[in-house]
Number of protein chains: 2
Amino acid sequence: MSPPDTKQRILDAAEHLFATDGYHATSLRCITHAAMVNLAAVNYHFGSKEALLEAVIVRRLTPLNEMRLGQLEALLQRSEQSRQVPSCREVLRTFVEPTLRQRQNGSEKGDFVTLIGRTLAEPRGIAMTIFMRHMDPLMIRLYQALSLALPGLSQQLLFWRIHFAVGSLSHIMRCHERHSLVPEDVRIDLPVDELVELFLDFAVAGMEAAG
Amino acid sequence: MSPPDTKQRILDAAEHLFATDGYHATSLRCITHAAMVNLAAVNYHFGSKEALLEAVIVRRLTPLNEMRLGQLEALLQRSEQSRQVPSCREVLRTFVEPTLRQRQNGSEKGDFVTLIGRTLAEPRGIAMTIFMRHMDPLMIRLYQALSLALPGLSQQLLFWRIHFAVGSLSHIMRCHERHSLVPEDVRIDLPVDELVELFLDFAVAGMEAAG
DNA sequence: ACGATATTAAAACGAGTGTTTAAAACAAAT
DNA sequence: ATTTGTTTTAAACACTCGTTTTAATATCGT
């Protein structure tokens with residue numbers, strides 16, 4: 001009942017609306033109405049619409065990246081102790097699995113994954129610069145790990161294949177609705193673990209393909 | 001000099017701006033200014049901003065789809081005559097190669113590919129419904145061809161892997177700029193044919209992976 | 001040359017945008 | 001109970017948006 005959940009309510013509403021309609025197509029009036037707060041609350045608590053977007057992204061991306069980085073470092077440490085190179089599949093899983101797991105934890109977090117998927121799709125958008133600031137260190141580490149796992153690949157090849165895999169993943173992240181091209185007998189709402197393995201089958205084969 | 005290139009100029013300017021800034025972030029005043037025509041010209045010639053978007057998409061998508069469909073039908077006919085199943089790589093190439101070839105034919109057509117890539121990334125956007133109207137028949141045919149090329153895959157698996165591959169491709173289509181995550185010694189502007197084969201190496205391996 | 005039609009031009013329309021202001025309501029501390 | 005600082009509210013701000021209107025201009029068939 002205590003009302004200082006205003007910020008939270010704004011964040012929740014903004015997350016949902018940014019994800020479904022996009023940043024530019026969502027007005028502050030829409031957000032504040034959905035959050036049942038006053039219009040000026042956004043500028044009071046966050047400063048601007050753009051700063052609100054950053055807050056929306058950071059709130060979930062920070063813990064998500066910590067989890068991804070933690071799993072990756074743990075894997076690298078294990079592989080160092082056993083003096084074995086980590087497998088491409090294991091490395092990718094540390095990145096993919098925490099991501100897709102968020103997608104079906106209730107509706108809120110799913111909205112966030114969709115939002116990030118859309119962000120990745122707007123190269124020159126506002127959200128992209130925000131996103132980059134918080135992704136750089138993790139991506140660099142992912143690069144190193146994949147370079148270890150796939151010693152046969154040139155840096156050029158490695159880059160392009162990561163590029164392809166990221167494209168696939170971001171596509172899954174934002175497109176999880178039935179549309180006319182989906183055969184009727186195909187389940188669109190797979191359990192996370194199944195989807196993760198399905199994706200890894202595809203991505204790992206692509207990464208390890210002969211060049 | 002004769003000015004009835006007004007429609008063309010609007011289409012060109014809109015294509016470029018929609019591709020770089022997105023539909024909602026682009027105003028008609030921006031477009032008409034870039035096209036050096038009067039503001040009212042858009043509504044006069046196209047009816048509305050949304051109809052303009054459709055015109056922009058249709059102008060290039062129609063011939064592109066004709067080319068893709070033509071190459072695919074030709075391949076299927078050849079394979080029927082030789083009583084051999086078409087290879088996954090050949091099938092995918094009929095779809096991918098005409099697409100990526102447009103990307104570097106001067107700047108205009110590249111803008112279009114970027115726009116389509118962004119369209120694919122906004123599931124519930126206006127552009128998506130427009131896009132779907134013109135893609136359905138081709139996609140159905142692609143499904144059939146890939147089903148032929150990969151008889152070992154269940155329909156479920158086939159759907160998901162096409163989903164992944166489409167994600168990869170749309171990512172390439174819209175992201176062709178250097179950003180902080182691209183290693184300095186990696187060429188981002190590969191020749192089309194190289195990029196096509198690079199992508200096919202990845203996608204075909206993914207499609208054909210053991211499940 | 002004239003009249004019908006198609007196109008351009010400038011201006012205004014009403015609605016919606018993000019943001020700011022100034023007063024009101026609230027909270028906690030002295 | 002009064003003061004302090006924080007939060008909420010309603011109203012207004014200055015713009016920009018897509019679209020429409022009305023008049024001027026160009027184009028073309030006869």
Side-chain angles (χ1 to χ4, degrees), chain A residues 1-59 115 118-119 122 124-130, chain B residues 1-59 115 118-119 122 124-130:
Chain A
M1 264 293 111
S2 68
D5 53 346
T6 301
K7 287 182 74 168
Q8 294 259 33
R9 294 237 297 284
I10 293 175
L11 285 172
D12 291 339
E15 181 177 65
H16 178 68
L17 290 167
F18 284 158
T20 39
D21 299 331
Y23 175 77
H24 284 107
T26 304
S27 70
L28 289 185
R29 282 164 179 83
C30 230
I31 294 171
T32 52
H33 177 77
M36 296 186 294
V37 301
N38 189 273
L39 167 62
V42 169
N43 286 280
Y44 176 76
H45 285 286
F46 298 96
S48 68
K49 186 186 179 185
E50 193 168 331
L52 170 60
L53 175 62
E54 172 141 25
V56 166
I57 293 177
V58 167
R59 171 170 71 146
L115 175 57
R118 292 185 69 144
T119 301
E122 301 192 11
R124 299 156 59 95
I126 313 159
M128 194 54 165
T129 61
I130 295 171
Chain B
M1 266 295 108
S2 68
D5 54 347
T6 301
K7 287 183 74 169
Q8 294 260 31
R9 294 237 298 283
I10 293 176
L11 285 172
D12 291 338
E15 183 177 63
H16 178 68
L17 289 167
F18 284 159
T20 39
D21 300 330
Y23 176 77
H24 284 106
T26 303
S27 71
L28 290 186
R29 283 166 177 83
C30 229
I31 294 171
T32 52
H33 176 77
M36 295 185 295
V37 301
N38 189 271
L39 167 62
V42 170
N43 286 279
Y44 176 77
H45 283 288
F46 298 96
S48 68
K49 185 186 180 184
E50 192 167 330
L52 169 61
L53 174 62
E54 171 140 23
V56 166
I57 293 178
V58 167
R59 173 170 68 146
L115 175 58
R118 293 186 67 146
T119 301
E122 300 192 11
R124 300 156 59 94
I126 313 159
M128 194 53 166
T129 61
I130 295 171

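Lettering follows sequence order; numbering is per chain, from 1.
Atoms CG (L52(A)) and C1' (dT19(C)) sit 14 Å apart, rounded to a whole Å. Protein atom CZ of F46(B) is 17 Å distant from nucleotide atom P of dA6(C), rounded to whole Å. Distance, I31(A) CD1 to dG16(C) P: 17 Å, rounded to whole Å. Here the P atom of nucleotide dG16(C) and the CG atom of D21(A) are 16 Å apart, to the nearest Å. In this structure, the CG atom of N38(B) is 12 Å from the C1' atom of dA24(D), given to the nearest Å.
H16(B) places none of its side-chain heavy atoms less than 4.5 Å from the side chain of V56(B). The shortest side-chain heavy-atom distance between H24(A) and Y23(B) does not fall under the 4.5 Å cut-off. The closest side-chain heavy-atom distance from L39(B) to R29(B) is below 4.5 Å.
No salt bridge links R118(B) with D21(B); every basic N to acidic carboxylate O contact stays at or beyond 4.0 Å.
Just one of I31(A), D5(A), L52(A), T6(A) meets the side chain to side chain contact (heavy atoms under 4.5 Å, CB included) condition when paired with L11(A); it is L52(A). Only one option out of I130(B), T26(B), V58(B) pairs with L53(B) in a side chain to side chain contact (heavy atoms under 4.5 Å, CB included); it is I130(B).
Between dT6(D) and H45(A), no contact under 4.0 Å exists linking OP1 or OP2 to a side-chain N or O.
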**Request:** Would you mind building the protein contact string for nucleotides 15-21 of chain D? One character per nucleotide, 5' to 3', B for base within reach (heavy atoms under 4.0 Å), S for sugar-phosphate only, - for untouched.
**Result:** --BBBB-
